[in-house]
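What follows is a single structure, written as structure tokens, with notes after it.
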Amino acid sequence: MAIEDDVLVIGGGLAGVAAALTANEDAQVRLISHKQSTLRHASGLVDVLGYTPAGKGPLVDPFDALADLPEGHPYERVGIDAVRSGLALFDDIVGDAYAGGHTDRNALVPTHGGTVKPTARYPRAAAAGLASDERDALLVGFESMTDFDAPLAAEHLAAAGVPFEARGVTIPFPGDFRADAKVTRYAHALDRNEELDGNDGGPGTPARRALAEAVKPHLDDQERVGFPAVLGDDDPSGIRSSIERALGVDVFEVPMGPPSLPGLRLEDRLYAALEDAGVRVATGNPAVDVATEDGRVRAVYVDRTGRRVPYHADQFVLASGGLVGKGIDSDRETVREPVFDCHVPHPTDRYDWFEDDAFGDHPFARFGVDVDHDLRPLATDGTPEYENLRAAGSVLGGYDFAAEKSGSGVSLATGYAAGRAAGEAAARGDSTSATATTHGDTK
């Protein structure tokens, strides 16, 4: 039987989920993705704009700078209202698990490296750790988790000029864990409040109490304690509350690099929202080809263990990611978008793709498809590649999300805008039926 939907979203990250949920308000939607989304590798923070493309920042209010962004920037393409709508969608999904929705101003969140990151939304678990808070903090690292050097992070925060004194200590994690245990193993031990043997907790001590007892001797006059983000997957709020009661101070998590528990928690909430909304989701197989006819996409082909399976739809949203997520591909000769073969502007000479300075303004950081104000990818002559294809998220060009600290905000805003346009177009019946044959041109 043919697989048919009103809207097909290609990509399972933040932009894809935002597009699918928004389009679903007007149309029947399916989301397909190949690999696990990059959310599990992200910090879980949701940035709008921390720095301007010229490097000005950190910005206090990102919305003050949006109107001055250059032509072609994704925010310029969708407008400020789409940015606000994308954030509102996010707030509805995550509920009270995230903070920051009460203001347009950026919050300053310490990271595991001791830097301070301007961000628009942050997990509630990080709320007590904001760098604008003047209360002294104890940072706790674990011997088995080398990604977080708590004493060094405290030194970096002091060098950054935070208005509080931070001190870092490194201790063994209570219990007998393998040296190569994953962060999820520690999180699950705290979720289940397992009885742990050894270390300062003593034999048979519940994990949450054991952790608090291991930290207590290092706590002086600090009014808050920061841990690497391992405080549970299923019950992070309950774990923090237990440790806070035992220590008598506020507890917060410091966002970490991959694998990221805050990222995993966010992914779980996003996919639960898709399920609740009735969006059909298919994962594990790559999109490899498309069928087109008369300037429209008719189907996307997915490789299912060597068999090409067509997914038909009326409208399509490409949210497959950028260079990191393989939504934009490159070799020594060219840069390309591999599914629809959309045009990706780039210098002919590959030595012009980057700067000699490792921390310079690298052109490759802005590689992606150009789009019009309806988010339709543009061909080399400036016309839309396909009338019924839109793009969202980091597959877009014209911005450097790493330098700007704008990745999640762009994903939400463009995902919302692309999903809204695709859903409304499908509801209007702007084209012939999605069941039309796909034996036309195949790219």
Side-chain angles (χ1 to χ4, degrees), residues 9-19 33-35 37-39 42 47-49 51-53 66 69-79 82-83 86 287 290 297 316-331 333-348 350 352-355 360-386 389-419 421-422 443:
V9 177
I10 302 97
L14 189 56
V17 173
S33 67
H34 179 200
K35 299 178 180 179
S37 78
T38 55
L39 287 166
D47 313 321
V48 170
L49 190 68
Y51 297 83
T52 69
L66 294 184
L69 292 174
E71 183 177 0
H73 192 287
Y75 284 147
E76 182 272 332
R77 288 303 190 221
V78 299
V83 181
V290 298
V297 180
F316 297 81
V317 177
L318 177 65
S320 52
L323 285 167
V324 174
K326 301 299 183 182
I328 299 295
D329 199 4
S330 67
D331 55 30
E333 302 299 328
T334 190
V335 182
R336 58 188 292 267
E337 183 280 306
V339 179
F340 296 89
D341 198 22
C342 293
H343 172 57
V344 178
H346 61 279
T348 303
R350 68 184 304 272
D352 292 331
W353 297 1
F354 54 87
E355 297 290 338
D361 181 18
H362 298 284
F364 71 78
R366 293 184 293 277
F367 285 172
V369 300
D370 277 352
V371 292
D372 62 13
H373 286 88
D374 197 34
L375 294 177
R376 294 176 299 182
L378 299 176
T380 54
D381 62 0
T383 60
E385 297 264 15
Y386 301 104
L389 173 66
R390 293 168 180 84
S394 53
V395 75
L396 299 174
Y399 77 118
D400 182 346
F401 70 86
E404 297 173 5
K405 311 302 179 192
S406 62
S408 296
V410 166
S411 290
L412 287 169
T414 58
Y416 169 86
K443 296 190 69 173

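A donor-acceptor contact shorter than 3.5 Å links the side chain of Glu385 to the backbone of His343. Put simply, the side chain of Asp372 gets close to the backbone of Asp374: a donor and an acceptor are under 3.5 Å apart.
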Go through it in stages, so that I can follow the logic: the residues are Leu66 and Val83, the test is side chain to side chain contact (heavy atoms under 4.5 Å, CB included), and I'd like the CA-CA distance, side-chain angles, deciding distance and then a yes or no. CA-CA 9 Å; Leu66 294 184; Val83 181; 4.1 Å; yes
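Across every non-hydrogen atom of Gly368 and Ile328, the tightest pair is CA-CD1, 4.1 Å. Contact detail for Val17 and Gly12: the closest heavy-atom pair is CG2-O, 4.0 Å. The two residues Ala391 and Val395 come nearest to each other via the heavy atoms CB-CG1, 3.9 Å. Of all heavy-atom pairs spanning Gly16 and Val9, the tightest one is O-CG1, 3.6 Å. Nearest heavy atom pair, residue Pro70 against residue Pro53, reads CD-CG, 4.1 Å. Between Ala15 and Gly393, the shortest heavy-atom distance links the atoms CB-CA, 3.6 Å.
The CG atom of Asp47 lies 10.5 Å from the CG atom of Leu412; values are rounded to the nearest 0.5 Å. With rounding to the nearest 0.5 angstrom, the OG1 atom of Thr52 is 8.0 Å from the CG atom of Leu69. Once rounded to the nearest 0.5 Å, the distance linking CD1 of Ile10 with NE2 of His34 reads 14.5 Å. Taken to the nearest 0.5 Å, the SG atom of Cys342 stands 5.5 Å off from the CG atom of Leu389. Interatomic distance, Tyr399 OH to Ser394 OG, rounded to the nearest 0.5 Å: 5.0 Å. Note that CG of Asp370 is 11.0 Å distant from OG1 of Thr380, once rounded to the nearest 0.5 Å.
No more than 12 heavy-atom neighbours from other residues, nucleotides or ligands sit within 6.0 angstrom of CZ on Phe401.
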Can you give me every donor-acceptor pair (side chain of residues 71-79, partner residue at least two apart or in another chain, under 3.5 Å) with its distance?
from: His73; atom 1: ND1; to: Tyr75; atom 2: N; distance (Å): 3.1
from: His73; atom 1: NE2; to: Glu404; atom 2: OE1; distance (Å): 2.9
from: His73; atom 1: NE2; to: Glu404; atom 2: OE2; distance (Å): 3.4
from: Tyr75; atom 1: OH; to: Val48; atom 2: O; distance (Å): 2.8
from: Tyr75; atom 1: OH; to: Val410; atom 2: N; distance (Å): 3.1
from: Glu76; atom 1: OE1; to: Gly72; atom 2: N; distance (Å): 2.9
from: Glu76; atom 1: OE2; to: His373; atom 2: NE2; distance (Å): 3.0
from: Arg77; atom 1: NE; to: Val371; atom 2: O; distance (Å): 2.8
from: Arg77; atom 1: NH1; to: His373; atom 2: NE2; distance (Å): 3.4

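The shortest distance between side-chain heavy atoms of Glu337 and Leu318 falls below 4.5 Å.
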